[in-house]
K.L.:
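Here it is, the structure, as structure tokens.
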Amino acid sequence: MSQSLTERYDDGIAGMLSCYDRLVITGTLPVVCYAAGMTGYLNAKGIRIFDSPEFATALRERMRECAAALAAAAGVSIEHVGKAHIRKEDVVARVLEQRGDHPGLVHVISAMEACDADKPWHDKQSHKTFLRPDSGKRLHYYFYFQDARFGLVYLRVPTWAPFRLQFYCNGHSWLARKLTAKGHRPHHGRQCVRAH
């Protein structure tokens with residue numbers, strides 16, 4: 001019978017700490033997060049289905065203006081990452097080296113990434129016009145914040161309806177901040193095992 005690591009090294013373990021590794025929370029607008037819901041919304045607002053791209057483009061421009069305003073107010077720039085091999089974490093790490101880890105907006109990254117979308121469609125058999133599910137690459141913003149409690153977090157904001165948000169934080173950063181607040185410092189000379 002195989003032993004777990006904690007059983008095998010029980011005599012050398014003074015205690016155990018556990019936390020979530022990565023926490024991702026998503027959010028969307030329930031009424032319009034699917035093609036039929038957005039079709040109903042446009043119909044209720046008197047917007048022609050084939051005018052939906054113009055409607056979505058206007059919303060995208062408002063999102064871009066808001067992102068620019070937030071970045072300017074915090075004194076940070078928006079950096080576009082256009083190549084897949086560039087890791088956003090590395091970009092933000094370089095900014096943190098210059099900025100420090102005090103709370104607030106750290107950096108804003110923009111990137112073209114795949115997302116769900118809708119496209120206008122006219123069914124010749126039913127003679128109905130509606131939106132049907134589609135996908136493509138759209139502009140997304142990553143707002144990186146340094147939070148006093150959770151450490152480095154980000155909010156991923158798409159600029160295309162239905163605007164599915166994604167919030168990310170790292171449980172290890174949260175745990176490290178709790179320990180630091182209680183006066184505990186990591187012992188760099190000791191080995192640690194990290195389970196994924």
K.L.:
Answer with yes or no whether the hydrophobic clustering places Val91 together with Phe145; edges join I, L, V, M, F, W, Y residues whose side-chain heavy atoms lie under 4.5 Å apart.
P.N.:
no
K.L.:
Please verify the inter-ring angle class for Phe55 with Tyr41; under 30° counts as parallel, over 60° as perpendicular, anything in between as tilted.
P.N.:
tilted
K.L.:
Side-chain heavy atoms under 4.5 angstrom apart, residues restricted to Ile, Leu, Val, Met, Phe, Trp, Tyr: same cluster for Ile109 and Leu155?
P.N.:
no
K.L.:
Can you name the nearest heavy-atom pair linking Pro133 to Asp118, along with the distance?
P.N.:
CA-OD1, 4.1 Å
K.L.:
Do Leu152 and Asn170 come close enough that some side-chain heavy atom pair is under 4.5 Å?
P.N.:
no
K.L.:
Search all heavy atoms of Val106 against all heavy atoms of Val76 and return the closest pair with its distance.
P.N.:
O-CG1, 3.5 Å
K.L.:
So Leu131 and Ser52, do their side chains get closer than 4.5 Å, heavy atoms only?
P.N.:
yes
K.L.:
Between Val153 and Phe167, is any pair of side-chain heavy atoms under 4.5 Å apart?
P.N.:
yes
K.L.:
Please report the closest heavy-atom contact between Pro162 and Asp116, naming both atoms and the distance.
P.N.:
CD-O, 4.2 Å
K.L.:
In this structure, would Phe150 and Leu96 fall into the same cluster of hydrophobic residues linked by side-chain contacts under 4.5 Å?
P.N.:
no
K.L.:
May I ask you to test the Leu59-Phe163 pair for a side-chain heavy-atom distance under 4.5 Å?
P.N.:
yes
K.L.:
How long is the span from the CZ atom in Arg132 to the CG atom in Asp123, to the nearest 0.5 Å?
P.N.:
9.5 Å
K.L.:
Heavy-atom distance under 4.5 Å between the side chains of Glu54 and Ile47, does that happen here?
P.N.:
no
K.L.:
Is Ile86 reachable from Val108 through a run of I, L, V, M, F, W or Y residues, each pair having side-chain heavy atoms under 4.5 Å apart?
P.N.:
no
K.L.:
Please report the shortest heavy-atom distance between Trp160 and Pro53, naming the atom on each side.
P.N.:
CH2-O, 4.3 Å
K.L.:
Starting at CZ of Arg94, measure out to CD of Glu97 and round the result to the nearest 0.5 Å.
P.N.:
8.5 Å
K.L.:
Between the main-chain N or O of Arg138 and the side-chain N or O of His140, is there a donor-acceptor pair closer than 3.5 Å?
P.N.:
yes
K.L.:
Which heavy-atom pair separates Gly151 from Gln146 by the least distance, and what is that distance?
P.N.:
C-OE1, 3.0 Å
K.L.:
Among His107, Glu113, Gln166, find the one that has a side-chain hydrogen bond (donor to acceptor under 3.5 Å, both in side chains) with Tyr142.
P.N.:
Glu113
K.L.:
Using 0.5 Å steps for rounding, measure from the OG1 atom of Thr39 to the OH atom of Tyr34.
P.N.:
9.5 Å
K.L.:
Which heavy atom of Phe143 sits nearest to which heavy atom of Leu70, and what is that distance?
P.N.:
CE2-CD1, 4.1 Å
K.L.:
For Leu139, does its backbone N or O pair with a side-chain atom of Thr159 as donor and acceptor, under 3.5 Å?
P.N.:
yes
K.L.:
Within a 6.0 Å radius of atom CZ on Arg8, are there more than 12 heavy atoms belonging to other residues, nucleotides or ligands?
P.N.:
yes
K.L.:
Please say whether more than 12 non-hydrogen atoms of neighbouring residues, nucleotides or ligands are located less than 6.0 Å from OH in Tyr9.
P.N.:
no
K.L.:
When rounded to the nearest 0.5 angstrom, what distance separates CG in Leu105 from OH in Tyr144?
P.N.:
12.0 Å
K.L.:
Any chain of hydrophobic side-chain contacts (each under 4.5 Å) joining Tyr154 to Val24?
P.N.:
yes
